[in-house]
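Here you go, one structure.
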There are 2 protein chains.
Amino acid sequence: MKPVSKPRQANPETSWVDDATLRQLMGYHMKRAFNVIQADLAATLKPFDLRMLTYTALVLIKDNPGLRQSQLADAMDIERPNLVVIIDELERRELIVRERVSTDRRAYALQVTMAGRQLCEQAETAVLLHENRLLENLDEETRAVMIAGMHLVEKNGKKG
Amino acid sequence: MKPVSKPRQANPETSWVDDATLRQLMGYHMKRAFNVIQADLAATLKPFDLRMLTYTALVLIKDNPGLRQSQLADAMDIERPNLVVIIDELERRELIVRERVSTDRRAYALQVTMAGRQLCEQAETAVLLHENRLLENLDEETRAVMIAGMHLVEKNGKKG
DNA sequence: TATTGTTATACTCTATAACTATA
DNA sequence: TATAGTTATAGAGTATAACAATA
């Protein structure tokens, strides 16, 4: 919890908010950190007219040519209906294309276009700078511990 | 990235999605872990008819009698307008009361009611169980490293 | 019958501008 | 003029049910 200044007329000794109950909770800290990351990433991606979700989808399509929408939704951990508008937007901007799969005409194979690849690579560079700035004083081992911990949390949550 | 099974007709050797580009990003892992925590906490709080935000507000009011709405919004890292509906809901359910401050008639001093305190304490017990379950195989040191790291991220994001 | 992508819908969270009443 | 709380509003993320086309 960040110390919060009380109104000027209040006692200076009590110029903070007691969050002892919440401070124990990983989710409390993670929410605050994630909000910061989310806001900073949004600002980073704004020049490319991308958001976290459209960026994530674009990267995964670029790195996995021919990916199906259902696979992508699964990988991004979102529901299929929510992916549709994301894919719509990327296709409308001609950053990706939907190609019908001849062997399964229900599915689409997703591919980046040349423009999509270029934009994606430019955005990737900006995102790495954003990441390095936010993690500036975290050494590699700390980052690794955090990531491993988050994987465990994810696993614990999904087995229950 | 969780391995994702490709369509049954696909090559089993390629039954996963390559996320090498995203795997480097703390925000990517944090989003996934936080989504799990958020969903699990929502389920935990559902019997009490609370959400993460209403629970957080209730706890902070209980632990800080007389708190002002502006202080609470600041502590919760949300905008004042967004707090209003949260306070409205808690007040309508008679879990808290708004009391006018005699020395500053613009402000409200927030207080929990008896019912609010009882519900809050019951919810706290459930939340601790939820937390222990999600962090089951994370030792104390790992938790501390993660929390310290998230604080640094929060600080880095807010100084820029 | 089951699956892929889709539409429609609803709820939540977040963010900003502008208002009121007090200070 | 500044601040506390409020209203209105808009954008974004998430979740579910139900549908058409295809397997």
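Each chain gets a letter, A, B and so on, in the order its sequence line appears, and its residues count up from 1. Because the structure is a prediction, the values reported are computed rather than measured. No hydrogens, no waters, no symmetry mates; every other heavy atom, side chains included, goes into these values.
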How is A:Leu53 classified with respect to the nucleic acid when contacts are heavy atoms under 4.0 Å: base, sugar-phosphate, or nothing?
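Since only primed, P, OP1 and OP2 atoms lie under 4.0 Å of A:Leu53, the category is sugar-phosphate.
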Taking only the side-chain nitrogens and oxygens of B:Arg98, find out if one of them lies under 4.0 Å from OP1 or OP2 of D:dT6.
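Yes.
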Determine, for B:Arg51 against B:Glu89, whether the closest basic-nitrogen to carboxylate-oxygen distance falls under 4.0 angstrom.
yes
Take A:Arg105 and A:Glu79, find for each the nucleotide of DNA chain D with the closest heavy atom, and name the residue whose nucleotide sits nearer the 5' end.
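It is A:Glu79, whose closest nucleotide lies nearer the 5' terminus.
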Between A:Arg32 (CZ) and C:dC13 (P), how many Å, whole number?
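A:Arg32 atom CZ is separated from C:dC13 atom P by 16 Å.
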Please state whether the phosphate of D:dT7, meaning OP1 or OP2, lies under 4.0 angstrom from any side-chain nitrogen or oxygen of B:Arg80.
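So the side chain of B:Arg80 is outside the cut-off, no N or O lying under 4.0 Å from OP1 or OP2 of D:dT7.
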When you match B:Asn82 and A:Asn82 each to their closest nucleotide on DNA chain D, which lands nearer the 5' end?
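The answer here is B:Asn82.
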Find the distance B:Phe34:CZ to C:dT14:C1' and express it as a whole number of Å.
12 Å
Determine: side-chain N/O of B:Ser70 to OP1/OP2 of D:dT3, distance under 4.0 Å, yes or no.
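For B:Ser70, the contact criterion (side-chain N or O under 4.0 Å from OP1 or OP2 of D:dT3) is not met.
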For A:Leu41 and C:dT14, give me the distance from atom CG to atom C1', rounded to whole Å.
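Spelled out: CG on A:Leu41 to C1' on C:dT14 is 16 Å.
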Does a side-chain N or O of B:Gln69 approach OP1 or OP2 of D:dT6 to a distance below 4.0 Å, or not?
yes
Please state how far atom CD1 in A:Ile86 lies from atom P in C:dG5, giving the value in whole angstrom units.
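Answer to the nearest Å: 14 Å.
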Find out if a path of hydrophobic residues (ILVMFWY) with successive side-chain heavy-atom gaps under 4.5 Å connects B:Leu128 to B:Met52.
yes
Per atom distances to the A:Ile78 side chain, the nearest of D:dT14, C:dG5, D:dA4 is D:dT14
Starting at NZ of A:Lys46 and ending at C1' of D:dA12, how long is that distance when rounded to a whole Å?
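So the two atoms are 13 Å apart, to the nearest Å.
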How long is the gap from OG1 on B:Thr56 to CE on B:Met76, to the nearest 0.5 Å?
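Rounded to the nearest 0.5 Å, the OG1-CE separation comes to 5.0 Å.
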Contact class for A:Leu83 vs. all strands (heavy atom < 4.0 Å): base, sugar-phosphate, or nothing?
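Result for A:Leu83 = nothing.
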Does a donor on one side chain sit under 3.5 Å from an acceptor on the other, for B:Arg100 and B:Tyr108?
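Their side chains do contain a donor-acceptor pair, which is all the 3.5 Å distance test asks for.
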B:Asp19 and side chain to side chain contact (heavy atoms under 4.5 Å, CB included): which single residue from A:Leu60, A:Asp63, A:Asn64 fits?
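So the option named by the test is A:Leu60.
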Check if the side chain of B:Asp104 and the base of D:dA4 share a donor-acceptor pair of N or O atoms closer than 3.5 Å.
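Result: no qualifying N/O pair found.
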Side-chain donor/acceptor of B:Arg106 to base of D:dT3, under 3.5 Å:
yes
Hey, which of these two, A:Val84 or B:Gln38, hits DNA chain C nearer its 5' end, going by closest nucleotide?
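Its nearest nucleotide lies further toward 5', so the answer is A:Val84.
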Please test B:Leu25 against A:Ile37 for side-chain contact (heavy atoms from CB on, under 4.5 Å), starting from the C-alpha separation and ending with a verdict.
CA-CA 10 Å; B:Leu25 304 177; A:Ile37 291 181; over 6 Å; no
Taken to the nearest whole Å, CG/A:Leu72 to P/C:dT3 is 19 Å
Interatomic distance where CG belongs to B:Asp88 and P belongs to D:dA8 [whole Å]:
12 Å
Atom-pair distance (CD on B:Glu89; C1' on C:dT12), nearest Å
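It works out to 11 Å between those atoms.
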Tell me whether the OP1 or OP2 atom of C:dT14 has a side-chain N or O from A:Lys31 closer than 4.0 Å.
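Yes, because at least one side-chain N or O of A:Lys31 sits under 4.0 Å from OP1 or OP2 of C:dT14.
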